[in-house]
Enquirer: 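Here it is, the structure, as structure tokens.
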Amino acid sequence: MPELPEVETIVRDLRPHLEGRMIVDVRVNWPRAIAEPAEDVERFRAGVLGRRIVRVRRRGKLVWLCLDDGQSLVIHLRMSGRLVLLPAGSDRHLRVTFALAYANAWTPDRGEPECSYLYFHDQRKFGRIWLTRDAARMLDLLGPEPLAESFDSGELAALLAKRRGALKPLLLNQRVIAGLGNIYADEALFRAGLHPQRTADTLSEEEVVRLHSAIQAVLQHAISLHGTTFDGLFVRPGGEEGRHQEGLRVYGQAGIPCTRCGTPIERIVVGGRGTHICPRCQPLTKGKAGKQGACR
DNA sequence: CTATGGCCCTGGTTGC
DNA sequence: TGCAACCAGGGCCATA
């Protein structure tokens with residue numbers, strides 16, 4: 001499930017292969033993957049053919065390809081979407097293929113293929129691609145980027161203030177903060193020593209600071225390890241797996257001793273989502289245990 | 001505003 | 001061994 005670190009990895013890997021390339025062909029095997037123009041393969045094709053990809057960016061969990069005519073391709077991988085540069089083993093889950101060439105056909109080849117491909121694979125068919133002239137309209141719906149310079153603990157405090165709901169569903173809400181999914185929400189809460197069902201507006205200033213650094217630390221750590229390949233769903237564009245799964249402290253670790261205190265990790269349900277906690281390091285009621293749960 | 005539940009999907013797991 | 005039921009997961013939508 002590509003979350004911020006996985007999408008960041010994808011974007012960084014893809015960038016040198018896509019920027020400057022021209023889309024010379026598109027094949028759509030599963031029209032519903034095209035969210036805009038909705039399921040209209042012909043208009044989608046006509047819109048992207050001959051366009052050059054000028055920038056490859058990320059916003060939250062979205063991959064954002066800026067085209068040379070002001071349009072954008074915005075891609076959400078959701079659960080099982082993949083963007084890969086090499087054809088995968090089976091075609092069964094291949095939904096969309098982009099054929100790419102250098103904008104200038106005569107560019108020296110130096111072993112570089114004349115044409116390369118970007119494949120959108122998606123086993124579970126939740127992923128979507130939007131072709132839009134107004135990417136800002138979509139991207140502005142998202143909350144702040146947790147790794148932005150400007151995102152300090154004061155801003156996080158402001159987001160949490162006046163929120164009566166549980167902490168975890170709030171962290172998963174992309175309109176509140178962009179890019180966290182189930183894995184990193186659980187990992188950040190563990191590092192901060194906070195129970196996912198804590199009411200957001202009851203955090204002390206110190207707890208907010210802890211949460212803020214926990215979020216940034218886990219995201220940065222995961223990016224440095226090229227994301228988490230937990231269930232085999234996420235692979236990098238070149239086919240490699242991430243390595244952050246080895247750093248997971250609670251996600252998917254039910255029954256395994258907590259790395260801090262040895263108490264078995266528990267799996268509970270919060271806001272309808274599977275949630276992993278150390279019941280001792282992340283007490284629901286204010287206690288001393290959580291205090292020492294500072295990120296690390 | 002918040003909570004809950006259904007829906008979209010597939011493939012892996014569980015239960016019989 | 002076969003097969004049906006169930007479930008996870010992100011985001012959106014409807015309902016309460």
Side-chain angles (χ1 to χ4, degrees), chain A residues 1-8 10 28-36 38-39 58-64 74-83 88-96 120-130 132 137-143 146 158-189 195-203 219 222 227-235 242 245 248 250-255 265-277:
Chain A
M1 326 126 228
E3 305 177 26
L4 189 153
E6 290 74 36
V7 178
E8 182 65 26
I10 288 167
V28 178
N29 296 352
W30 193 67
R32 291 191 61 189
I34 308 302
E36 196 175 315
E39 300 180 38
R58 177 190 64 74
R59 175 79 170 90
K61 303 177 190 174
L62 298 171
V63 176
W64 178 20
V74 178
I75 303 165
H76 198 316
L77 279 345
R78 292 276 170 84
M79 303 292 306
S80 59
R82 296 179 172 186
L83 289 172
S90 99
D91 279 354
R92 193 149 101 252
H93 303 129
L94 177 58
R95 309 302 178 194
V96 182
F120 174 64
H121 276 253
D122 191 13
Q123 177 193 94
R124 295 183 192 172
K125 297 183 171 178
F126 283 175
R128 294 291 182 269
I129 301 177
W130 291 261
T132 175
R137 200 189 67 242
M138 278 185 75
L139 304 176
D140 287 349
L141 294 175
L142 298 173
L159 296 177
L160 300 178
K162 294 182 292 181
R163 293 290 194 150
R164 267 53 176 351
L167 206 41
K168 180 171 171 180
L170 207 62
L171 295 181
L172 292 178
N173 185 340
Q174 302 300 299
R175 292 173 182 245
V176 173
I177 180 171
L180 293 179
N182 217 28
I183 294 177
Y184 297 106
D186 281 3
E187 292 294 318
L189 288 167
H195 193 285
Q197 284 175 315
R198 282 286 302 279
T199 303
D201 65 1
T202 64
L203 299 208
L219 293 177
T228 304
T229 300
F230 178 77
D231 41 20
L233 289 180
F234 167 68
V235 295
Q245 55 276 17
L248 294 174
V250 287
Y251 187 85
Q253 309 299 308
I265 300 303
E266 289 179 4
R267 183 183 181 281
I268 60 176
V269 175
V270 178
R273 314 303 300 270
T275 298
H276 309 77
I277 59 166

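Labels below follow one simple rule: chain letters A, B, ... track the order of the sequence lines, proteins then strands, and each chain is numbered from 1.
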Enquirer: So, does A:Arg267 get its side chain near the phosphate of C:dA8, meaning an N or O under 4.0 Å from OP1 or OP2?
Expert: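 Answer is yes, contact under 4.0 Å.
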Enquirer: Would you classify A:Gly272 as touching base, sugar-phosphate or nothing, given that sugar-phosphate means primed atoms plus P, OP1 and OP2, and contacts are heavy atoms under 4.0 Å?
Expert: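 Nothing: the residue A:Gly272, judged by heavy atoms under 4.0 Å, touches no strand.
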Enquirer: Taking CG from A:Leu141 and P from C:dC12, how many angstroms apart are they, rounded to a whole number?
Expert: 8 Å
Enquirer: Whether the side chain of A:Asn29 engages the backbone of A:Leu94 through a donor-acceptor N/O pair (distance < 3.5 Å, no angle test) should be reported.
Expert: yes
Enquirer: Measure from the side-chain N and O atoms of A:Gln174 to the backbone N and O of A:Gly60, and report whether any donor-acceptor pair falls under 3.5 Å.
Expert: no
Enquirer: How many whole angstroms separate atom CE of A:Met1 from atom P of B:dT10?
Expert: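 Whole-Å distance recorded here is 18 Å.
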Enquirer: Using OP1 and OP2 only, check whether a side-chain N or O of A:Gln174 sits under 4.0 Å from C:dG11.
Expert: yes
Enquirer: How long is the line joining CZ of A:Arg128 and P of C:dG11, in whole Å?
Expert: 13 Å
Enquirer: So, does A:Gln123 use its side chain to make a donor-acceptor pair with the main chain of A:His93 at under 3.5 Å?
Expert: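 Looks like no, no N/O pair under 3.5 Å.
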Enquirer: Of all the choices, B:dT2, B:dG11, B:dC9, which nucleotide is nearest to the side chain of A:Gln123 once you look at every atom?
Expert: B:dG11
Enquirer: Using whole Å, what does the distance between atom P of nucleotide B:dC1 and atom CZ of A:Arg164 come to?
Expert: 13 Å
Enquirer: Let me know the distance between CG of A:Asn173 and P of B:dC1, rounded to the nearest Å.
Expert: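 From A:Asn173 CG to B:dC1 P: 11 Å.
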Enquirer: Using only side-chain N and O atoms of A:Arg163, determine if any of them is under 4.0 Å from OP1 or OP2 of B:dC1.
Expert: no
Enquirer: Please report the distance, rounded to the nearest Å, between CE in A:Met79 and P in C:dG9.
Expert: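 Rounding to the nearest Å, CE of A:Met79 and P of C:dG9 are 7 Å apart.
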Enquirer: Can you tell me if the side-chain N/O atoms of A:Arg92 get under 4.0 Å from OP1 or OP2 in B:dG11?
Expert: yes
Enquirer: Between A:His76 and C:dG11, does any side-chain N or O lie under 4.0 Å from OP1 or OP2?
Expert: yes
Enquirer: Verify the contact: side-chain N or O of A:Arg32 to OP1 or OP2 of B:dC9, cut-off strictly under 4.0 Å; return yes or no.
Expert: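 Looking at the OP1 and OP2 atoms of B:dC9, one of them is under 4.0 Å from a side-chain N or O of A:Arg32.
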Enquirer: Just checking A:Tyr251: base, sugar-phosphate only, or nothing, at a heavy-atom cut-off of under 4.0 Å?
Expert: sugar-phosphate
Enquirer: Any side-chain N or O of A:Lys125 under 4.0 Å from OP1/OP2 of B:dT10?
Expert: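 Checking B:dT10 against A:Lys125, a side-chain N or O does come within under 4.0 Å of OP1 or OP2.
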Enquirer: Between C1' on B:dC9 and CZ on A:Arg82, what's the gap in Å once rounded to a whole number?
Expert: 16 Å
Enquirer: Below the 4.0 Å mark, does B:dG11 have OP1 or OP2 next to a side-chain nitrogen or oxygen of A:His93?
Expert: yes
Enquirer: Side chain of A:Glu187, backbone of A:Tyr251: donor and acceptor closer than 3.5 Å?
Expert: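 Between the backbone of A:Tyr251 and the side chain of A:Glu187 there is a qualifying donor-acceptor contact (under 3.5 Å).
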Enquirer: Looking only at atom types and distance, does a side-chain atom of A:Arg95 sit under 3.5 Å from a main-chain N or O of A:Asp122, one as donor and one as acceptor?
Expert: yes
Enquirer: Taking CG from A:Leu159 and P from B:dC1, how many angstroms apart are they, rounded to a whole number?
Expert: 14 Å
